[in-house]
Amino acid sequence: MTTTQHSPTAAASGASATEAFRTARGDGEGQVTSERIADVVQAVLAGVHEAIRAKQVSYAEFQAAKQWLIEVGEGGEWPLFLDVFVEHVVEEVTAQRQHGTKGSILGPYYLPDQRKLPSVATLPMRPDEKGTPLALSGQVRDLEGNPIPGAELDIWHADDDGYYSGFAPHLPEGNLRGVVVADGDGRFEVTTVKPAPYQIPTDGPTGKLIEAAGWHPWRPAHLHLIVRASGHRQITTQLYFEGGEWLEDDVAQATKPELVLNPRPDGEGKLRAEYDFVLEPH
Ligand code: MBD
Ligand code: FE
C-alpha cells in the first residue's frame, strides 16, 4: 500500500505541518489570564509528577524522555504528536456545548485558501489518480431543517497511498483539496477518490515512540471537512468508511459512530455515499 520510493520523510512532513500551523495561527491570538495559565499548567505538571511517582521513573528514563522531546521539536512533529494523542480530548470538551453534526479533530494537514468549486464538482487530482472513485452528496441544513444556500464544504484527504498534498513533496499542490460551495438548496455532490488509511510516519520521533511502545501507527481512511456558512458555527469534522480497517482502533481516537459513511457501488465502478450536515447558529 505505501510506496517506499516516493515515501515522504517524516522530517519533510513534520516541518511542513509546523510551518502550516504557524501560518494558520498568526500572532496575538488567545489572550489568557495568568490565573488560567497557572491553573492548567499546574494540573498538567501534577499529572506528570504523579506518573513519575506511580511508575518509579528513573534518571535514565527521564533523560531519554528529554532527548525524545528535543527530537520531536527538531523534526517539526509537535503538530503531529499533539493532534494524534491530545486533540481528541480538546474536541471532546468543546463538543459538550455543541449541537448539529458531530465534530472531530482538525489534525495537522489542513491548508486554508484552496480552490473554490461549484456545488457539483470533482476535487483537483492527477490525471492518473489512483483509487476507487467516490461521490459524496448531501445537503447542509440548520437546526430547524432549513437548507443553508451557499454553505461551504472545505474538504481535504489523503490519496490512495495515504499521503496528503502539501506534506509530501511528490504530490502536486492542492491535490485532493477543495472548497465546494453548496447550491441554493444547500445541496452538493463532490467526486473524489476513496482515501487509504493513514500511517503515522515511522521514521520520525512520533513513529519511533509508537513502535517502541508496541502500538500501531494507523488511522482509518477518512475525509476531513470544515463546513461553514455565515451566521452559523463552523463544524470541523471527519467522515469514515463502514467496515474500514482501523475504524475501531484509531491511533488518534477520533472516530464517532455518527461519522461513518456507508458507500455503495453504483454498478459503474464508482462508490456513492450520502451525508447531510447540520449547523447551529452562531
Ligand atoms: C492525520 O491524517 C490526521 O487526520 C490526524 C488527526 C493526525 C495525523 C494524521
Ligand atoms: Fe487526516
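Note that the structure is a prediction, hence the values are computed from the model and not measured.
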Begin with the C-alpha distance, continue with both residues' side-chain angles, and end with the deciding distance and a verdict on side chain to side chain contact (heavy atoms under 4.5 Å, CB included) for Glu211 and Thr202.
CA-CA 8 Å; Glu211 195 192 335; Thr202 50; 5.6 Å; no
Passing option when Asp154 is tested against Arg228, Gln234, Lys116 for side chain to side chain donor-acceptor pair (under 3.5 Å):
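With Asp154 as partner, side chain to side chain donor-acceptor pair (under 3.5 Å) holds for just one option, Arg228.
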Expected output: side-chain [X] to main-chain [Y] donor-acceptor under 3.5 Å:
| X | Y | result |
| --- | --- | --- |
| Thr101 | Val278 | yes |
| Gln63 | Glu61 | no |
| Asp83 | Glu87 | no |
| Thr132 | Lys194 | no |
| Glu77 | Thr206 | yes |
| Asp160 | Ala196 | no |
| Glu280 | Leu143 | no |
| Asp161 | Tyr163 | no |
| Gln56 | Arg53 | yes |

Nearest heavy-atom pair of [X] and [Y]: which atoms, and what distance?
| X | Y | result |
| --- | --- | --- |
| Leu111 | Ala20 | CD2-CB, 4.0 Å |
| Pro195 | Ala158 | CB-O, 3.2 Å |
| Trp246 | Arg219 | CB-C, 4.1 Å |
| Phe241 | Ala221 | CD1-O, 3.6 Å |
| Val32 | Ile37 | CG1-CG1, 3.8 Å |
| Leu259 | Ser104 | CD1-CB, 4.1 Å |

Does any part of the side chain of [Y], heavy atoms only, come nearer than 4.5 Å to the side chain of [X], both counted from C-beta?
| X | Y | result |
| --- | --- | --- |
| Ile235 | Leu279 | yes |
| Glu35 | Asp39 | no |
| Phe167 | Pro108 | no |
| Leu136 | Thr192 | no |
| Tyr275 | Leu225 | no |
| Phe277 | Ile148 | no |

Run the side chain to side chain contact (heavy atoms under 4.5 Å, CB included) test on Trp156 and Ile226 for me, step by step, so that the C-alpha distance in whole Å, both residues' side-chain angles and the decisive distance to 0.1 Å come before the verdict.
CA-CA 9 Å; Trp156 69 105; Ile226 296 174; 3.8 Å; yes
Whether over 12 other heavy atoms sit under 6.0 Å from Lys102 NZ
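No.
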Under 6.0 Å from the CD atom of Glu173, do we count more than 12 heavy atoms belonging to anything else shown?
no
Are [X] and [Y] joined in one hydrophobic group, where the rule is that I, L, V, M, F, W and Y side chains link up if heavy atoms are under 4.5 Å apart?
| X | Y | result |
| --- | --- | --- |
| Ile70 | Phe62 | no |
| Val86 | Ile210 | yes |
| Leu80 | Val251 | yes |
| Leu106 | Val227 | no |
| Val57 | Val48 | yes |

Between Glu92 and Gln96, is any side-chain donor less than 3.5 angstrom from a side-chain acceptor?
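The answer is no; no qualifying pair exists.
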Does the side chain of Tyr109 pick up a donor-acceptor pair with the side chain of Ser13 at under 3.5 Å?
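Per modelled atom types, Tyr109 and Ser13 side chains form a pair under 3.5 Å.
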Given the rule in the side chain to side chain contact (heavy atoms under 4.5 Å, CB included) test, do Leu261 and Leu223 qualify, once you have shown the distances and angles that lead to the verdict?
CA-CA 10 Å; Leu261 298 171; Leu223 305 172; 4.2 Å; yes
Hey, are [X] and [Y] close enough for a salt bridge, meaning a charged N less than 4.0 Å from a carboxylate O?
| X | Y | answer |
| --- | --- | --- |
| Glu274 | Arg264 | yes |
| Arg272 | Glu189 | yes |
| Arg126 | Glu129 | yes |

Measure up the Tyr198 and His222 rings against each other and bin them: parallel (under 30°), tilted (30 to 60°), perpendicular (over 60°).
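If you compare the ring of Tyr198 with that of His222, the planes turn out perpendicular.
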For the residue pair Trp78 and Phe81, categorise the inter-ring angle as parallel (less than 30°), tilted (30 to 60°) or perpendicular (more than 60°).
perpendicular
Could you please spell out the steps behind the side chain to side chain contact (heavy atoms under 4.5 Å, CB included) verdict for Leu247 and Thr255?
CA-CA 7 Å; Leu247 189 59; Thr255 64; 4.2 Å; yes
From [X] [atom1] over to [Y] [atom2], what is the distance, rounded to the nearest 0.5 angstrom?
| X | Y | atom1 | atom2 | value |
| --- | --- | --- | --- | --- |
| Phe188 | Ile155 | CZ | CD1 | 7.0 Å |
| His157 | Arg177 | NE2 | CZ | 10.0 Å |
| Gln238 | Lys256 | CD | NZ | 10.0 Å |
| Leu82 | Phe21 | CG | CZ | 8.5 Å |
| Ser119 | Glu152 | OG | CD | 12.5 Å |
| Asn146 | Asp185 | CG | CG | 10.5 Å |

Can we call the ring centroids of His224 and Tyr164 under 6.0 Å apart?
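So the answer is yes for these two rings.
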Residue of the set Val190, Leu117, Val140 for which side chain to side chain contact (heavy atoms under 4.5 Å, CB included) holds with Leu153
Val140
